[in-house]
Structures are given as C-alpha cells and as structure tokens.
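Naming convention: chains lettered A, B, ... in sequence-line order (proteins, then strands); numbering from 1 in each chain.
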Amino acid sequence: MQGSFKDFAETCERVKATSSKIEKVAILAEYLRKLADPDLRIAVTFLTGRAFPKGDPRDPNVGYSTIASIILEITGADELQLYETYKKYGDLGETIFHMLSKRAQAQLLMEPLTLQRVYRAFDKIASISGAKAATMRSTILRGLLLSATPLEAKYIVKVLTSELRIGAIEGLIEEAIASAFGEPLERVRNASLAINDLGEVAVLAKQKQLHNVKVTPLKPAGFMLAETAQTPEEVIEYFKKPVLADFKYDGARAQIHKKSSTIRIFSRRLEEVSAFFPEIVEAVKKISGTLILDGEILPMRDGKPLPFQVLQRRLHRKKITRRLLEEIPLHLFLYDVLYYGDSPVVDKPLAERRQILEQLSLPDNVHLSEMHEVKDVASLRTLFEKSKAEGFEGLVVKDPGSPYILGRRGKHWLKLKKELDTLDVVIVGAEYGHGKRAGILSDYIFAVRDDEGRFRVIGKAYSGLTDEEMLELSERLKSMVIKDLGMRVLVRPEIVIEVAFDGIQKSDRHDSGFALRFPRIKRLRPDKGPDEIDTLKRVEGIYRRQMLYETS
DNA sequence: CGCCCGGCTTC
DNA sequence: ATCGGAA
DNA sequence: TTCCGATGAAGCCGGGCG
C-alpha cells in the first residue's frame, strides 16, 4: 500500500490545529512510523517545506504568480475573487482550498494521489527548461491540481511555495523522527547536521544506521552561528572570562572542503558554490591535507575590504570572465576548522582548533581572521573600533573552550556589529501582510523630508513592533487611507516612527535615492509631528560619513 | 535586442 | 539579515 | 533557550514582451 497524499495533508492539518509541540511531535511520529522507506523519504522532505532535499540542484521554479494564474484557470474565478480570498487568508494554499471547495468536485472517480505521484510531478516540473518552460510547468501543475481534492491541492501549493505554516519545520520533524523510530534526539540532530538531508536521516533511523553518520569531507555540514549582542559590556559580563575576539567580515560565509585535489565550497544555505570562486578553489588546492574549513569570502583591494554590493556581482554568476576576476579580487579569511587529517575536530575546544589553523601554510589570498584574546571592556571596545576603522563589520566574540556546534546559533559566539544610527521618519504607505498577518497593515513605507518639505520615501520596515502595537497601528492607518492600491495603501503622512539601520546605500528603489540596510522599527514617536522628522540632508550626511569610514 | 518581472540567494 | 512570539 | 514565522535591500538568471 503506497502512502497517500491525503494522509499527508490530513496529518499536516492535525499538526497545524494544535499549538502544543508535544502533540505535534506525537501526531507526526505516528504518521511517519506507518510509511515505507520511499514514502518516508518523500513525506519528511515535504514536511520540511521543500519539494527536494536541501542542496539538491533541482528547483520547481513555480511561485506565486504562476500558481495564481492556474487557480484562475481551474476555478473559473475572476481576479477580484482571487484577490479577496488571498487578502483574507494571506496564504496561497488556503486560497486554493477555499476557491476549490466552492465548486462542485469532478475528481471523485479519479485514483487517489500518492506521495510518489506528487513527487514525480514535482521532479518533472523541475526538469523543464527552455522555450515555453513556464507554460509547460503550468500545464503539468494544473493537471496535478485538477486530480487533487481541495485539501490535497492546498498542501501541494504549500510545499511548492515553501509555506507549510503548520508550526514545524526542522526541529520538531527531527523530534518526530527520533520518537517514531526509538532513536535519541541528539543522534538524529547530529546526523541531520552532518549530512543535511532529513529524508535520508529518517530512512537511516528506521534502518538503525544512524550511528554511522558523522562529519565527512565533501558533504556539507551545518554552520555554527552567532547571537547578537548590543554592547561590549554585555559581552564581557556574559562570558566572565578571557575570550577570543575575531574580526567580523562583511562577505559570504563559506565552508571549504578539501580531499586530495577535490575542492568544494558550500554557502550558508549549504548550496554548492565552488564554481563562483575559481581563484579561491585554486588557492585552497595549495594547502596540504584533508580539511573542512570555515570562513568568509570577501572582495578586497589594496588590503581594504570593498562594499558588500561589489561581492554580490561575483555571486550566482553564470559566466565568470577574466575581466571580472581582475575587477573584483576575492580573498578568503579563515576562522575555524571542522575536519583535519583523518578525523572531525568539531569536539576540540576553539583554542585547539585555532592552533591547527595557525600551523597551516597559506597562499597569498587566504588569511587567518584577525583574532585577539580580550579580558576587559576597554580592550574589547578598542578592538571593535580598530575593526571598524579598517573597514570591517565589527567583532565575533568566542568562548575559547567551546566546541564547534554544528548548525546551531548559540551563546558560544556573540557578534558585535557596527553601531546603528536611527532616523525619525513619517509613514506614507503600508502593505497588507501574509499568513498570520493576513488582513493587517504590517509593512510600513516611510519617508524623510527634502529641502522643499516634500516627503521622499527611503524604505520599508515591518519588524520591531509588538503584535499589539502593529494591530493598533494597522487600524489607525486604515482610517487614514488616501488611496487603495490593493495589497498596498497610501496614507496621510502623520504617524512618526524611529527606524534603526546598519547602513545607507545609494538606490533607485525609492524616490529619495537612498535605501537602508536592515531597517527595523525602534519605537513609535507620538511626541513628534511630520514636520519634525529627519531630512534628506541628514541622510546624505550619514551616507558620506559612512563612505569615509569605508574608504579611509 | 533591450527592458521588466518573478524567483532565488546573499547579507 | 532583523525582530517578536510561543513553549 | 530554542525554534518558528514574516519580511528588508541588492544582484543574477531565465523568460516574456514590445
């Protein structure tokens, strides 16, 4: 008996219906236990909100607009109906469910969908390229959706849009696998972090083969991540012992694997990105031994780092010309090692791993990160200033005794970034949110004043307010609408907010000519009126000051 | 052929 | 990347 | 503490459109 897609969808519904994590895990475990190996692999992959495993080069390449047109075709609804339904539920899966439920069902006589049939359809959709690719993808997807019940269609769409929204993505799925097959959670986690394919891990767990899984050269392992700290005082207070402070580099995180002359570089999302960095691949070939290294790739000229946008021109390039290689020279800064010689070194303390790095002999464009032992707030502050003055991003402060914890953010590493600046700005527009923010104006478009007192848009922000504040602000804005543009509204410029950011970039996205990096709402400013907000002049000033820092 | 947009990844 | 919410 | 969900700005690619 093959796993039915209906069971999968119904299980998701039950998981979504409870907010208790324990109950979610129990429902999932009971479901997984019943599945045969091939179905188990597929179901677990789908449960992680993916059509295919992490790092798999296949990609269905269908998104919101493709699915929206298919919904219109198969339901015969008009755009207004679709738009109203979407606005109400904020989720394409829910939208197709409600729109299909409204019409008489014609698929009662069809064979029920299986997990494998859905998976094969996804595979087929992903394999299409070239002329008319979009049309052909739509045709296959339409066929699939036509043979699905409304509930099945909902989950087909949810998997394709990676928006399952059942309150379980990875952690709880791991717990469910552990519970289903009687394995310790720790072992499931470690296996998942070592090979990064939960479908495979589930099958290995079922076959009692999990203990054989460990960090292996040429297979991507989960990166260790850092928590954010606000001040040097907080950092010193937290560790209460001498720490190792690394410079923080504003580049692309890279995990570099070397086994004889084979080099593989994996990105933060564990995509294989070796082809984008030929000069780094060549350089790493010159280092001896079998290795897994952790570091950052960034563009530099005359010993100074170049802005992040420059690096972006080297990312995801199909063709890398000689000219591009000369224009944007890349360097690799190493700060950790996960595998050395013939075994993993992730369990050794950081201080020992650093010693391994220090005895490597490195080619010209590969460097060790700048790292210093720090014992007090004053020297931490000095080092932070040094990092910024040299054009770097700040510091990552680490516990010298800590192991390399695969794939987890944790308080063994604390990052201190460039101090933020803030702007007082006025809200001139807003957008309706998605998912749990459906029907709420949750994303705010804001502006500064120019010389003539006109409002110039400089960005959008959504985070920083509590749910309660957001709901209240949403209601107020709804009463201030000047113009309704569907998912977006323009409002009378009256409400002032303080917005924090990490940098200012030149941009033609907004009419101020600037955009903010990592904008977030600091607080509402009910004490200020729109004539008291910050000016474009001040924005230009902050921009110039920052450029001075970056090029000095 | 050049421009725009959706999709995706980087931070 | 960032942030708040939930358990 | 840890996980989850909602979403910012920039640049590249593929494909559609004029």
### Whole angstrom value for the distance that separates C1' of D:dG8 from CZ of A:Phe308
13 Å
### Query
Side-chain N or O of A:Arg517 less than 4.0 angstrom from OP1 or OP2 on D:dA10?
no
#### Entry: Neighbour count above 12 (heavy atom, 6.0 Å) for A:Leu185 CG
yes
### Task
Indicate yes or no for a side-chain donor-acceptor contact from A:Glu279 to the backbone of A:Pro329 under 3.5 Å, with no hydrogens or angles considered.
no
### Message
Would you call the rings of A:Tyr249 and A:Phe392 parallel, tilted or perpendicular, taking 30° and 60° as the class edges?
### Response
perpendicular
### Summary
Which of D:dT1, D:dA9, D:dG14 is nearest the side chain of A:Ala515? It is D:dA9
### d(CD, A:Glu469; P, D:dA6) in whole Å
19 Å
### Query
NA contact type, A:Leu311, heavy-atom cut-off 4.0 Å: base, sugar-phosphate, or nothing?
nothing
### Message
I need a per-nucleotide contact map over nucleotides 1-7 of chain C, read 5' to 3'. Cutoff is protein heavy atoms under 4.0 Å; write B for the base, S for backbone only, - otherwise.
### Response
BBSSS-S
### Query
How close or far is atom P of D:dA9 from atom CD1 of A:Ile504, stated in whole angstroms?
13 Å
### Query
Could you give the NZ-to-C1' distance, from A:Lys24 to D:dC3, as a whole number of Å?
12 Å
### Task
Could you tell me the separation between the NE2 atom of A:His434 and the C1' atom of D:dG5, rounded to a whole number of Å?
13 Å
### Query
Using the ring of each side chain (for Trp, its six-membered ring), is A:Trp413 parallel, tilted or perpendicular to A:Tyr335, with breaks at 30° and 60°?
perpendicular
### Task
Please find the earliest and latest nucleotides of DNA chain B, in the 5' to 3' direction, that have an atom within less than 4.0 Å of any heavy atom of chain A.
B:dG6 to B:dC11
### Query
Side chains of A:Glu468 and A:Thr466: do they bring a donor and an acceptor to under 3.5 Å?
no
### Message
Strictly below 4.0 Å: does A:Lys460 bring a side-chain N or O up to OP1 or OP2 of D:dG8?
### Response
yes
#### Entry: hbond_proxy A:Gln312 side chain to D:dA10 base (donor-acceptor, 3.5 Å cutoff)
yes
## Note on the structure
Atom NZ of A:Lys411 and atom P of D:dT1 are separated, to the nearest Å, by 5 Å
### Query
Is atom NZ of A:Lys124 surrounded by more than 12 heavy atoms (other residues, nucleotides or ligands) closer than 6.0 Å?
no
### Query
If only atom types and distance count, is the side chain of A:Ser274 paired as donor or acceptor with the main-chain N or O of A:Ile265 below 3.5 Å?
yes
### Query
Over how many whole Å does the gap from A:Phe514 atom CZ to D:dG8 atom C1' extend?
18 Å
### Query
Nearest of D:dG16, D:dC12, D:dT1 to any side-chain atom of A:Thr135?
D:dG16
#### Entry: Phosphate OP1/OP2 of D:dA10: any A:Ser507 side-chain N/O under 4.0 Å
yes
### Query
What integer number of Å spans the C1' atoms of B:dC8 and C:dA1?
15 Å
#### Entry: A:His316 or A:Ile458, whichever maps to the more 5' nucleotide of DNA chain D
A:Ile458
#### Entry: Rounded interatomic separation in angstrom, taking CG from A:Asp511 and P from D:dA9
13 Å
#### Entry: A:Arg525, A:Arg538, A:Lys522, A:Arg523 screened by salt bridge (charged side-chain N to carboxylate O under 4.0 Å, His left out) with A:Asp424, the one that passes
A:Arg525
### Query
Within the distance-only criterion (no hydrogens, no angle test), does the side chain of A:Lys24 pair as donor or acceptor with the backbone N or O of A:Thr18 below 3.5 angstrom?
yes
### Query
Closest nucleotide of DNA chain D for A:Tyr432 versus for A:Gln505: which of these residues is on the 5' side?
A:Tyr432
Donor-acceptor contacts, no H, no angles, side chain residues 509-518 of chain A, under 3.5 Å, sequence neighbours left out:
unit_1: A:Asp511; atom_1: OD1; unit_2: A:Val457; atom_2: N; d: 2.7
unit_1: A:Ser512; atom_1: OG; unit_2: A:Val457; atom_2: O; d: 2.8
unit_1: A:Ser512; atom_1: OG; unit_2: A:Phe514; atom_2: N; d: 3.2
unit_1: A:Ser512; atom_1: OG; unit_2: A:Phe514; atom_2: O; d: 3.3
unit_1: A:Arg517; atom_1: NH1; unit_2: A:Asp250; atom_2: OD2; d: 2.8
unit_1: A:Arg517; atom_1: NH2; unit_2: A:Asp250; atom_2: OD1; d: 3.3

